Amino acid sequence: MEQRAVVTAGTGGIGLETALGLAAHGFAVTVVGRDAERGAHAVQRIAAVANAGEPRFVAADLASLGEVRALAARLAAEGPLQVLVNNVGAMFAQRQQTIDGIEASFAVNHLSPYLLTELLLDRLRTGAPSRIVNVSSGAIKVAKRTFDTVEPPGGYYGFHWYGRAKLANLAYTLDLAERLRGSGITVFAADPGGAATDMTNGTMTSPRIVSPPLRLLWPLVRRTFERSTAGPASAAAKPSIVAATDPALDGQTGLIIGPRTHPVPAFRASTDPRTVSAVLKLSRKLAPPSRRPLTGH
């Protein structure tokens, strides 16, 4: 039976490298993105290394919860799913709102993968043993840890708000792993470390993305970070590929696969029961999973 994998934001950067790795491991890979031209190029590259089913591109704007729901319905209709890699991520230099009226960083980095995962759980159960991989970030260490509302108090600083959204998603990921323990679905987070991507070469170059006390030091901190950890997207994709495919992880769940492709300890805030409870409550309020059964085989 064909083994299916889905990679969001899979038409370039870390996502495309992840898709290439999964295709080489024998998965029929579907990559999700916004741009059809980039999608066609990605499919061409994936097909050149694929060992199994034909790769596909599906267009969706993951900043829109409506499009996430439509994407989930389309993917579910295609049958069982063995791997879901929520690779989507974005940092914004200035505060933006989505079409749903939700702050964009929280919507893209957390609500989108949260909702897509919840809507595809039935297909992942059918495809078991299956794996969910959510891509994390070291930026969680500078995040505000309040989740009573979608936006934290204080000014907008893109790096901190990105980290906060990634922290919310990590808290959800580790809680989901426990919820699904014994179900045949295992759940992992993957930390790619630094990588030379559009985000690191663009948005992260501006000191305005961090709070004023850090701005004078930001260029130095960023250069140090890049020298010590930044590498090509192909290297940054390895934690996701390992989390999705390594047989040594069979039967394990709730692990964070770090930049060196080994499990690393969880950031303490991501397992704080108060943080987890607040994240789940806010997520269900803003992006309630559909109560209707998903159609398909």
Side-chain angles (χ1 to χ4, degrees), residues 4-10 15 18-19 22 27 29-33 58 60-90 100 102 106-137 147 165-191 239-240 243-244 249 253-257 270 276 279-294 296:
R4 294 177 59 223
V6 171
V7 181
T8 64
T18 300
L22 294 180
F27 288 92
V29 182
T30 297
V31 291
V32 179
V58 176
D61 181 357
L62 297 177
S64 163
L65 297 180
E67 290 202 33
V68 172
R69 293 182 188 278
L71 171 65
R74 178 172 179 176
L75 295 173
E78 295 170 358
L81 182 62
Q82 281 72 42
V83 170
L84 171 62
V85 180
N86 286 303
N87 172 75
V88 66
D100 303 294
I102 300 170
F106 197 77
V108 173
N109 294 293
H110 171 58
L111 291 180
S112 164
Y114 159 78
L115 182 59
L116 183 62
T117 299
E118 291 291 320
L119 294 176
L120 290 176
L121 286 180
D122 284 348
R123 288 295 168 259
L124 287 157
R125 284 191 185 95
T126 306
S130 55
R131 297 188 187 185
I132 298 166
V133 181
N134 289 337
V135 177
S136 187
S137 169
F147 295 97
K166 285 294 190 180
L167 174 58
N169 195 248
L170 180 58
Y172 162 69
T173 299
L174 299 179
D175 181 78
L176 181 67
E178 291 306 312
R179 173 157 53 110
L180 296 178
R181 189 177 290 275
S183 69
I185 306 173
T186 50
V187 184
F188 302 92
D191 181 357
S240 293
L249 297 176
T253 194
L255 299 179
I256 302 170
I257 307 302
S270 66
V276 174
V279 165
L280 294 178
K281 182 178 179 180
L282 183 60
S283 303
R284 290 163 183 159
K285 176 183 177 181
L286 295 170
S290 173
R291 297 293 185 264
R292 293 177 297 174
L294 297 172

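If you're wondering where the values come from, they're calculated on a predicted model, not measured in any experiment.
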Chemist: Output all residues satisfying salt bridge (Lys or Arg N to Asp or Glu O under 4.0 Å) with Arg179, sequence neighbours left out; order by chain, then residue number.
Modeler: Glu118
Chemist: Compare all side-chain heavy atoms of Tyr114 with those of Arg284 and state whether any distance is below 4.5 angstrom.
Modeler: yes
Chemist: Would you check if Pro129 and Thr186 make a side-chain contact, meaning some heavy-atom pair closer than 4.5 Å?
Modeler: no
Chemist: Check the pair Val83, Leu22 against side-chain contact (heavy atoms from CB on, under 4.5 Å), reporting the backbone distance first and the verdict last.
Modeler: CA-CA 9 Å; Val83 170; Leu22 294 180; 4.3 Å; yes
Chemist: Is a donor on one side and an acceptor on the other found under 3.5 Å between the side chain of Lys166 and the backbone of Val135?
Modeler: yes
Chemist: Within this structure, what is the OG-CZ distance for the pair Ser112 and Phe106, rounded to the nearest 0.5 Å?
Modeler: 12.0 Å
Chemist: Got a second to check how far Ser136's OG is from Asp191's CG, nearest 0.5 Å?
Modeler: 5.5 Å
Chemist: Using side-chain contact (heavy atoms from CB on, under 4.5 Å), reason through Leu180 and Leu124 one step at a time and then give a plain yes or no.
Modeler: CA-CA 11 Å; Leu180 296 178; Leu124 287 157; over 6 Å; no
Chemist: Do you know which two heavy atoms are closest between Val31 and Ala19, and how far apart they sit?
Modeler: CG1-CB, 3.6 Å
Chemist: Considering non-hydrogen atoms only, spot the tightest contact between Leu170 and Ala189 and give its length.
Modeler: CD1-CB, 3.6 Å
Chemist: Tell me, do Leu71 and Val32 make a side-chain contact under 4.5 Å, heavy atoms counted?
Modeler: yes
Chemist: Specify the closest pair of heavy atoms between Ala171 and Val279, including all atoms of both residues, with the distance to one decimal.
Modeler: CB-CG2, 4.5 Å
Chemist: Roughly how far, to the nearest 0.5 Å, is the CD1 atom of Ile256 from the CZ atom of Phe188?
Modeler: 11.5 Å
Chemist: Roughly how far apart are Leu116 CG and Leu65 CG, rounded to 0.5 Å?
Modeler: 11.0 Å
Chemist: We want to know whether Thr173 and Asn134 form a side-chain donor-acceptor pair, criterion being a heavy-atom distance below 3.5 angstrom.
Modeler: yes
Chemist: Taking Thr253 for the side chain and Val187 for the main chain, is one N or O donor matched with an acceptor at less than 3.5 Å?
Modeler: yes
Chemist: For residues Arg4 and Val29, determine if any side-chain heavy atom of one lies less than 4.5 Å from a side-chain heavy atom of the other.
Modeler: no
Chemist: Could you go step by step and tell me if Leu120 and Leu75 meet the side-chain contact (heavy atoms from CB on, under 4.5 Å) rule?
Modeler: CA-CA 8 Å; Leu120 290 176; Leu75 295 173; 4.1 Å; yes
Chemist: Answer whether the closest heavy-atom distance between the side chains of Arg74 and Glu78 falls below 4.5 Å.
Modeler: yes
Chemist: Determine the minimum heavy-atom distance between Gly184 and Ala128, stating which atoms define it.
Modeler: O-CB, 3.6 Å
Chemist: Would you check if the side chain of Gln82 reaches a backbone N or O of Ala5 as a donor-acceptor pair within less than 3.5 Å?
Modeler: no
Chemist: Can you find a pair of side-chain heavy atoms, one from Val7 and one from Thr30, that are under 4.5 Å apart?
Modeler: no
Chemist: Taking the side chain as every heavy atom from C-beta outward, state whether Leu119 and Arg69 have any atom pair closer than 4.5 Å.
Modeler: yes
Chemist: Got a second to check how far Thr8's OG1 is from Asn87's CG, nearest 0.5 Å?
Modeler: 5.5 Å
Chemist: Are Leu111 and Asp100 close enough that some pair of their side-chain heavy atoms sits under 4.5 Å apart?
Modeler: no
Chemist: List for me each residue that meets side chain to side chain donor-acceptor pair (under 3.5 Å) alongside Thr117, sequence neighbours excluded, and say none if there are none.
Modeler: Asn86
Chemist: Once you round to the nearest 0.5 Å, how far does OG of Ser183 lie from CZ of Arg125?
Modeler: 6.0 Å
